[in-house]
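Report on one structure; see the data block that follows.
The structure displayed is predicted, hence computed values, not measured ones. FYI, the numbering just counts along the sequence from 1.
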Amino acid sequence: MTAQWVMYGIKNCDTIKKARRYLEAADINVECHDYRASGLSDTLLSQLIDRSGYQTLLNTRGTTWRKLTDAERDAVIDAESAKALMLAHPAVIKRPVLRAPDGAQLVGFSEAAYQAFIQEKS
């Protein structure tokens with residue numbers, strides 16, 4: 001079995017939908033992992049953090065972040081505290097996270113970044 005492209009996020013997110021449409025148009029078959037439907041394990045989140053860093057994954061501009069208490073936001077001081085917050089509130093993870101068959105990953109969506117990433121990894 002060959003390795004596959006995987007997109008992590010939340011299915012009904014508008015950015016996820018844009019990214020999926022882009023990948024379909026580029027004829028990239030992608031497996032989608034929805035945190036809400038399929039869950040988010042400590043192991044998976046650790047892999048995502050190891051590849052991109054918690055600062056890149058933590059969406060501090062989104063609604064979920066803004067709804068947190070000051071104490072919850074202030075408690076994020078390192079990768080472990082960020083991971084605990086992301087496990088408790090998966091919607092605070094920047095979306096989408098696209099993982100190439102070789103394990104490299106790209107966080108967020110822009111057509112230019114996807115085009116370059118796909119060309120490099122295909």
Side-chain angles (χ1 to χ4, degrees):
M1 182 175 162
T2 59
Q4 155 124 8
W5 291 84
V6 181
M7 180 181 294
Y8 298 95
I10 297 170
K11 180 176 62 172
N12 61 352
C13 166
D14 289 340
T15 308
I16 293 282
K17 291 175 184 176
K18 286 181 206 171
R20 288 181 73 179
R21 282 192 297 270
Y22 181 87
L23 293 169
E24 286 171 13
D27 203 28
I28 300 292
N29 185 23
V30 64
E31 174 188 331
C32 294
H33 180 104
D34 184 330
Y35 304 135
R36 288 192 178 142
S38 302
L40 178 63
S41 70
D42 185 274
T43 302
L44 173 58
L45 184 54
S46 292
Q47 291 172 359
L48 298 177
I49 291 170
D50 288 348
R51 287 184 172 96
S52 294
Y54 79 90
Q55 300 94 332
T56 300
L57 284 175
L58 190 61
N59 183 2
T60 58
R61 295 172 59 183
T63 304
T64 304
W65 178 261
R66 289 192 305 269
K67 287 183 178 179
L68 296 173
T69 65
D70 288 343
E72 287 172 311
R73 289 192 296 263
D74 293 345
V76 178
I77 56 170
D78 57 17
E80 281 304 308
S81 56
K83 182 168 75 168
L85 180 73
M86 288 185 251
L87 284 169
H89 303 279
V92 81
I93 299 170
K94 193 176 290 182
R95 303 181 292 268
V97 177
L98 179 64
R99 185 175 292 167
D102 70 356
Q105 69 188 31
L106 181 64
V107 178
F109 173 72
S110 81
E111 287 191 14
Y114 265 49
Q115 182 177 14
F117 189 65
I118 290 166
Q119 284 179 337
E120 179 185 333
K121 300 299 175 183
S122 292

* **Pairwise distance CD1(Ile28) to CD(Gln4) - rounded to 0.5 angstrom** => 10.5 Å

* Can you hop from Val92 to Ile10 via hydrophobic side chains spaced under 4.5 Å? -> yes

* Structure fact -> Correct closest heavy-atom pair for Arg66 and Arg61 would be NH1-O, 2.6 Å

* Structure fact -> When every non-hydrogen atom of Gln105 is compared with those of Leu48, the smallest separation belongs to NE2-O, 2.9 Å

* Under 4.5 Å between side-chain heavy atoms, hopping through other hydrophobics if needed: is there a path connecting Val6 to Phe109? -> no

* Asked: How close do His33 and Ser38 get, heavy atom to heavy atom, and via which atoms?
  -> CE1-CB, 3.6 Å

* For the atom pair CD1 (Ile16) and NZ (Lys11), what is the distance rounded to the nearest 0.5 Å? -> 12.0 Å

* Structure fact -> One should read off an interatomic distance between Leu106 CG and Arg99 CZ, to the nearest 0.5 angstrom, of 12.5 Å

* Asked: Does a side-chain heavy-atom distance below 4.5 Å link Tyr35 with Val97?
  -> yes

* To do: Report yes if the side chains of Tyr8 and Ile93 come closer than 4.5 Å at any heavy-atom pair, otherwise no.
  => no

* Asked: Can Leu68 be reached from Leu40 by stepping across I, L, V, M, F, W or Y side chains whose heavy atoms are under 4.5 Å apart?
  -> yes

* Structure fact -> Looking only at heavy atoms, the pair that brings Thr60 and Trp65 closest together is O-CD1, 3.1 Å

* **Minimum heavy-atom distance between Arg20 and Cys32, given as atom pair plus value** => NE-SG, 3.3 Å

* Just by modelled atom types, is the Lys67 backbone N or O under 3.5 Å from a matching donor or acceptor in the Arg73 side chain? -> no

* **Pairs touching residues 78-96 that satisfy side-chain hydrogen bond (donor to acceptor under 3.5 Å, both in side chains), sequence neighbours left out** => Asp42-Lys83, Ser46-Lys83, Asp78-Ser81

N/O donor-acceptor pairs under 3.5 Å from side chains in residues 111-122, not counting sequence neighbours:
residue	atom	partner	partner atom	Å
Lys121	NZ	Asp102	OD2	3.0
Ser122	OG	Ile118	O	2.8

* pair Val107-Leu57: side-chain heavy atoms closer than 4.5 Å -> yes

